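All figures in this text were calculated on a predicted structure; none of them were measured in a lab. Count residues from 1 along the sequence.
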Amino acid sequence: MDTGYRIVIADDHPLFRSALHQAVRLAVSDAQLQEVDSIDSLLQLLEDSDEVDLLLLDLKMPGASGFSGLTRLRALYPALPVVVVSASEDAVVVQQAMRLGAVGFIPKSAPMPTLVSALNTVLEGDGWFPEGISLEDAPEDDMAERLASLTPQQFKVLTMLSEGKLNKQIAYELEVSEATIKAHVTAIFRKLDVKNRTQAVIALSQLTGGDF
């Protein structure tokens, strides 16, 4: 398949980045490949880049833990196709990735032919997830869906709230008025159906646990 796709590999393990690089080359020989090893460098790359056709995302790397990175990316770049590549093969983890909008989930234990097949499937526009796992039998998780509904700016504000920053500090860093931040906080509370900052931060922290 020769298409000139732009594909980004985001993983902090050099050996696995190399394996993914090889799989992409086997699937798409002329792909434009870029690699990053942290969420910050990924966000910088996406901000500076033209359209990216596919992101291969490790759930756990500097700047991300659990589903915080995926949730943030889905809020900032809702049209970006994201395939989660994770050490976990837990059905609950796969289902959560599905719920948060990933177009695929590839276990790191997958052999090279499976990696290549999964990449081809996703690039052709279909989803790829481990066999036998679907959302039909998954427990409901309203909070994950509510978090995914936040706008990019709202998610950024929520992240800064979780760092203990005051409205005034957030307004200064984002170069907006304090009234704007108050409006964002009110909208966040409404979307998450929480009453205060503590409850909002707890909702966010629920996506950062687990072994991925």
Side-chain angles (χ1 to χ4, degrees), residues 1-91 93-135 148 151-152 155-156 212:
M1 184 191 297
D2 294 327
T3 55
Y5 284 117
R6 295 196 65 213
I7 298 174
V8 176
I9 297 171
D11 194 301
D12 64 330
H13 294 90
L15 286 176
F16 197 74
R17 283 205 308 273
S18 177
L20 280 177
H21 191 111
Q22 183 182 352
V24 170
R25 285 289 176 225
L26 289 170
V28 195
S29 61
D30 64 342
Q32 300 176 49
L33 270 171
Q34 291 175 282
E35 300 178 13
V36 294
D37 60 3
S38 71
I39 283 293
D40 286 345
S41 55
L42 172 60
L43 292 174
Q44 189 62 57
L45 183 152
L46 292 174
E47 186 176 330
D48 296 340
S49 296
D50 295 327
E51 184 175 347
V52 171
D53 295 295
L54 182 64
L55 169 63
L56 304 177
L57 177 71
D58 186 11
L59 289 176
K60 190 173 184 180
M61 60 180 169
S65 179
F67 289 98
S68 62
L70 176 60
T71 306
R72 188 174 179 187
L73 286 163
R74 297 299 298 148
L76 291 170
Y77 302 99
L80 173 63
V82 179
V83 170
V84 169
V85 185
S86 174
S88 174
E89 299 183 41
D90 190 323
V93 175
V94 179
Q95 289 164 337
Q96 188 74 297
M98 288 178 172
R99 186 178 281 113
L100 291 172
V103 299
F105 189 105
I106 305 174
K108 287 191 173 184
S109 61
M112 184 62 68
T114 301
L115 275 173
V116 175
S117 175
L119 289 171
N120 277 320
T121 298
V122 171
L123 288 169
E124 287 168 2
D126 295 322
W128 193 98
F129 296 91
E131 191 173 348
I133 298 179
S134 72
L135 279 177
T151 66
F155 195 85
K156 190 179 294 184
F212 302 98

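The shortest distance between side-chain heavy atoms of E89 and P130 does not fall below 4.5 Å. Residues L119 and W128 fail the side-chain proximity criterion, which asks for heavy atoms closer than 4.5 Å. Within the 4.5 Å cutoff, the side chain of F155 has heavy atoms near those of the T71 side chain. Counting heavy atoms from C-beta outward, L33 and R25 have side chains that approach closer than 4.5 Å. Residues F129 and Q95 are not in side-chain contact: their nearest non-hydrogen atoms beyond the backbone lie 4.5 Å or more apart. No side-chain heavy atom of L20 sits under 4.5 Å from any side-chain heavy atom of I106. Between R6 and Q34 there is a side-chain heavy-atom pair separated by less than 4.5 Å. A heavy-atom distance below 4.5 Å is found between the side chains of L42 and L73.
In this structure, D11 CG and L59 CG are separated by 10.0 Å, a value rounded to the nearest 0.5 Å. The CD atom of Q22 lies 4.0 Å from the CE atom of M112; values are rounded to the nearest 0.5 Å. Atoms CD1 and CG, from I9 and D58 in turn, are 11.5 Å apart once rounded to the nearest 0.5 Å.
Contact record, L80 with L55: CD2-CD2, 4.0 Å, taken as the closest heavy-atom pair. I39 and G69 make their closest contact through CD1-CA, 4.0 Å (heavy atoms, listed as atom of the first residue, atom of the second, distance). Taking each heavy atom of P81 and D53 in turn, the nearest pair found is CG-O, 3.3 Å. Contact record, F105 with S86: CZ-CB, 3.6 Å, taken as the closest heavy-atom pair.
S18 places no side-chain N or O within 3.5 Å of a backbone atom of P14 that could act as its donor or acceptor partner.
With sequence neighbours excluded, the residues satisfying side-chain contact (heavy atoms from CB on, under 4.5 Å) with D37 are D12, R17, S41.
Looking at L54, L123, L56 one by one, the single match for side-chain contact (heavy atoms from CB on, under 4.5 Å) with V24 turns out to be L56. Applying the side-chain contact (heavy atoms from CB on, under 4.5 Å) test between T121 and each of V83, D126, V116, V103 identifies D126 as the sole match.
Side-chain N/O atoms of R99 and Q96 include a donor and acceptor closer than 3.5 Å.
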Let's go through V82 and Y77 carefully: what are the C-alpha distance in whole Å and the side-chain angles of both, what is the deciding distance for side chain to side chain contact (heavy atoms under 4.5 Å, CB included) to 0.1 Å, and is it a yes or a no? CA-CA 10 Å; V82 179; Y77 302 99; over 6 Å; no
